[in-house]
2 protein chains.
Amino acid sequence: MKNPPPMPNKAATLHDVAREAGVSAITASRALSNPGVVSDATIERVRNAVAKTGYIPNLLAGGLKSKRSMTVAGLVPVISVPQFLPTIRSLTETLDAQGYQLILGQSGYDHSREEKLLNTMISRRPDGIVITGLVHSRAARQQLQRLGIPIVEMWDLSDRPVDMMVGFSHLKVGSAIAGYFLAKGWQRLGIATGDDHRAMMRHDGFCAAVGHPVATAIVPAPSSLEMGRKAMADLLAQDPKLQAVYCSSDGFAQGVVIEAQSRGLRVPQDVAVCGFGDADFAAHLRPSLTTVQVDGAEIGRRAAQLIVDRCAGRAIEHPVVDLGFRIVERESTGA
Amino acid sequence: MKNPPPMPNKAATLHDVAREAGVSAITASRALSNPGVVSDATIERVRNAVAKTGYIPNLLAGGLKSKRSMTVAGLVPVISVPQFLPTIRSLTETLDAQGYQLILGQSGYDHSREEKLLNTMISRRPDGIVITGLVHSRAARQQLQRLGIPIVEMWDLSDRPVDMMVGFSHLKVGSAIAGYFLAKGWQRLGIATGDDHRAMMRHDGFCAAVGHPVATAIVPAPSSLEMGRKAMADLLAQDPKLQAVYCSSDGFAQGVVIEAQSRGLRVPQDVAVCGFGDADFAAHLRPSLTTVQVDGAEIGRRAAQLIVDRCAGRAIEHPVVDLGFRIVERESTGA
DNA sequence: CTGTTAGCGCTTTCAG
DNA sequence: CTGAAAGCGCTAACAG
């Protein structure tokens with residue numbers, strides 16, 4: 001049975017455990033973190049001592065000496081953007097499964113804050129850093145490279161990674177959607193997009209592929225259903241005979257659909273709508289929403305694995321991973 | 001004399017800064033973290049030395065000695081539940097503004113995992129802990145109290161807090177919605193709810209206030225739009241003449257509305273629907289969604305402030321904060 | 001397999 | 001206002 005521990009005024013340290021087990025501190029340490037090199041009998045005694053003292057390791061102290069904090073910094077624009085949630089979740093879980101803790105930071109959509117946040121993160125000495133989007137500032141790139149720890153830029157692709165990358169081409173997404181619209185014979189097109197870098201790359205790809213001017217509504221990121229309604233009102237003012245609209249997120253697209261419907265327009269018969277991200281609700285709306293599927297969870301898993309592998313000293317065969325994307329055709333474009 | 005370090009192999013430490021500035025390490029430390037007690041001239045020289053060396057403090061080392069890690073652990077069931085996003089965001093931002101970093105952990109909806117996660121978190125020696133929901137396990141309660149750091153349980157209320165609390169009564173939410181439905185003269189009621197503790201408390205409050213059996217669909221948390229459609233199909237099978245349905249989240253409610261509409265039922269004329277949470281999209285759907293507004297962002301702010309105040313040694317006047325809630329009447333219940 | 005020694009980088013004493 | 005000494009709790013490096 002368990003006796004109530006004699007009121008540990010101080011949290012138990014490894015020394016307390018060692019004394020209790022009748023071994024030295026380093027042996028206790030090894031018994032817990034590297035049991036292979038310690039005799040079974042000793043492990044057993046140390047384990048008992050841990051239970052008795054209620055010892056919980058101090059990772060700050062361990063990290064100071066071993067230079068491994070077992071943390072990974074994650075930078076996202078804003079935590080509450082649904083887009084990145086599956087990624088954050090799989091990052092958290094994949095890292096957790098290997099003993100690492102994700103430390104999340106919000107960089108905002110403002111690039112100047114990014115550098116400040118980076119410093120805050122670095123001061124916790126993470127073993128790796130995962131960044132949403134590309135690192136543009138020269139100063140930040142150099143600083144990251146100097147750190148000598150694994151860095152993953154995710155949710156985008158470029159030909160000069162700071163270190164590693166997991167993402168896809170936003171330019172190609174934009175032109176793929178334009179191609180899809182044009183193949184349907186739609187000429188009067190519209191685009192409703194957030195103003196962040198990645199959404200604007202899709203915008204650029206879209207416009208380049210269309211080749212003629214399209215109705216455009218640009219809203220400050222992150223976009224929302226509410227802004228979708230306003231954006232659609234705006235687009236219809238620019239071209240009342242709009243045939244198809246691409247939107248930079250699914251929630252945004254939902255607002256566009258609702259605004260169209262509230263004006264008596266039928267989707268897709270009068271106007272077709274395509275979103276981006278394949279949110280969990282997209283398939284279950286009425287009409288179900290055509291969108292671009294990107295495997296956000298896989299991005300997180302791969303990013304985490306790259307970091308962990310590099311930390312373990314394993315060689316990385318493919319430091320730049322293109323996960324691609326796929327247009328999922330549903331009712332909102334007449335599927 | 002040596003030339004400027006072109007390639008710092010090692011990250012600069014406070015000693016490097018001190019040497020560069022021609023002062024002792026402790027003075028450099030004070031110049032950076034407690035400038036009030038250092039002469040302006042010295043501060044200036046230390047600042048320059050920091051810039052020159054590219055010094056970034058090591059908070060692990062500082063925390064080890066000072067016993068203040070400047071981190072706060074946050075436990076949420078699942079990061080990707082939209083419900084808690086405003087809270088996580090305001091927690092992050094409020095803490096950040098005061099120099100603290102939120103360390104997020106997913107406890108899942110499984111109570112057994114909670115204790116394990118707690119240990120992981122404690123091993124990083126946070127200065128405070130914020131937990132979503134109540135801590136039920138006796139072992140966990142005792143362990144938390146032993147730690148001697150500020151603890152906030154949030155998003156719920158009880159009469160025996162581990163330490164501090166910021167939330168509202170789910171039981172009251174449930175009975176308020178039931179009262180609202182009954183006042184409208186609706187008798188044939190339904191409830192679609194997730195199976196987590198808080199949602200079930202609302203369920204209990206709802207049922208107790210109604211006083212007679214209601215059609216019920218319980219789904220595993222977290223609920224989704226997709227599950228809302230299924231739940232509504234289920235409820236209509238139980239009672240095809242349902243007059244009003246309460247749903248445990250707004251996304252869930254949206255699925256209920258869509259399923260009703262897809263069967264030719266008009267909302268609210270044939271069946272009224274009420275959600276929970278007042279998500280950003282609720283006001284902009286068609287019909288706009290009646291729901292229960294809870295100030296999730298304020299919960300986060302208050303929780304963060306309680307932790308920070310306690311860390312600063314300030315007395316807490318009200319360790320238990322009831323933020324209440326409010327039914328927002330919209331079109332989906334005939335407003 | 002186990003122990004000794006020596007710090008990791010910083011901040012808390014306690015003195016000037 | 002500034003400094004010297006003394007660790008925080010843990011683990012790398014080297015003995016045995």
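Every chain is numbered from 1, with letters handed out A, B, ... down the list of sequences. Remember, predicted model here, so these are calculated numbers, not experimental data.
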Peer 1: Heavy-atom nearest nucleotide on DNA chain D for B/Ser24 versus A/Gly63: which residue maps closer to 5'?
Peer 2: B/Ser24

Peer 1: By nearest atom, which of the nucleotides C/dG3, D/dG9, C/dG9 is closest to the B/Asn58 side chain?
Peer 2: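 When the side chain of B/Asn58 is considered, C/dG9 is the closest of C/dG3, D/dG9, C/dG9.
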
Peer 1: Please state how far atom CG in B/Leu59 lies from atom P in C/dC10, giving the value in whole angstrom units.
Peer 2: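 The distance from CG of B/Leu59 to P of C/dC10 comes to 10 Å, rounded to the nearest Å.
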
Peer 1: Would you confirm whether the ring centroid of A/His197 sits within less than 6.0 angstrom of the ring centroid of A/His111?
Peer 2: no

Peer 1: Rounded to whole angstrom units, what separation is found between the CG atom of B/Asp16 and the C1' atom of C/dC8?
Peer 2: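 B/Asp16 atom CG is separated from C/dC8 atom C1' by 14 Å.
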
Peer 1: Flag the pair A/Ile299 / A/Trp155 as yes when at least one side-chain heavy-atom distance between them is below 4.5 Å, and no otherwise.
Peer 2: yes

Peer 1: C/dG9, D/dC10, D/dG3: which one has an atom nearest the side-chain heavy atoms of B/Leu64?
Peer 2: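 Nearest to the side chain of B/Leu64 among the choices is C/dG9.
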
Peer 1: Students often get this wrong, so: under 4.0 angstrom with heavy atoms, is B/Val37 touching a base, only sugar-phosphate, or nothing?
Peer 2: base

Peer 1: Establish, with yes or no, whether the OP1 or OP2 oxygen of D/dC10 is under 4.0 angstrom from a side-chain nitrogen or oxygen of A/Ser66.
Peer 2: no

Peer 1: Can you check the B/Ile43 CD1 to D/dC1 C1' distance for me, whole Å?
Peer 2: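 Rounded to whole Å, this separation is 11 Å.
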
Peer 1: Taking the side chain of A/Arg30 as its heavy atoms from C-beta onward, which of C/dG9, C/dG3, D/dC10 lies nearest to it?
Peer 2: C/dG3

Peer 1: Just the rounded figure in Å: distance from C1' of D/dT2 to CG of B/Asn34.
Peer 2: 13 Å

Peer 1: Looking at A/Lys65, I'd like to know whether one of its side-chain N or O atoms comes within less than 4.0 Å of OP1 or OP2 on C/dG9.
Peer 2: no

Peer 1: Short question: side chain of A/Thr132, backbone of A/Leu75 - any donor-acceptor pair under 3.5 Å?
Peer 2: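 Present.
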
Peer 1: Please determine whether a side-chain nitrogen or oxygen atom of B/Thr42 lies at a distance below 4.0 Å from atom OP1 or OP2 of D/dC1.
Peer 2: no

Peer 1: Can you check the A/Ile56 CD1 to D/dG9 C1' distance for me, whole Å?
Peer 2: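 After rounding, the gap between these two atoms is 15 Å.
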
Peer 1: Does D/dT11 have OP1 or OP2 under 4.0 Å away from a side-chain N or O of A/Ser29?
Peer 2: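 For D/dT11, OP1/OP2 do have a side-chain N/O of A/Ser29 under 4.0 Å.
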
Peer 1: Specify the separation, in whole Å, of atom CE of A/Met70 and atom P of D/dC10.
Peer 2: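 Nearest whole value for this atom pair: 16 Å.
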
Peer 1: Taking the minimum atom-to-atom distance to the side chain of A/Ile26, which one of C/dC10, D/dT11, C/dT2 wins?
Peer 2: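 The listed nucleotide nearest to A/Ile26's side chain is D/dT11.
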
Peer 1: Between atom CZ in A/Arg19 and atom P in C/dG3, what is the gap in whole Å?
Peer 2: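 Checked: the CZ to P distance equals 14 Å.
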
Peer 1: Just the rounded figure in Å: distance from C1' of C/dT12 to CG of B/Leu14.
Peer 2: 14 Å

Peer 1: Report yes if a side-chain nitrogen or oxygen of B/Lys67 is closer than 4.0 Å to either non-bridging phosphate oxygen (OP1 or OP2) of C/dT11; otherwise report no.
Peer 2: no

Peer 1: Is A/Thr92 reaching over with its side chain to a backbone N or O of A/Ile88, donor-acceptor style, under 3.5 angstrom?
Peer 2: yes

Peer 1: Taking only the side-chain nitrogens and oxygens of B/Thr27, find out if one of them lies under 4.0 Å from OP1 or OP2 of D/dG3.
Peer 2: yes

Peer 1: So if I take every side-chain heavy atom of B/Val38 and compare against D/dC10, D/dT2, C/dC10, which nucleotide ends up nearest?
Peer 2: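 Of D/dC10, D/dT2, C/dC10, D/dT2 is nearest to the side chain of B/Val38.
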
Peer 1: Please confirm whether the backbone N or O of A/Val135 pairs with a side-chain atom of A/Glu153, one donor and one acceptor, at under 3.5 Å?
Peer 2: yes

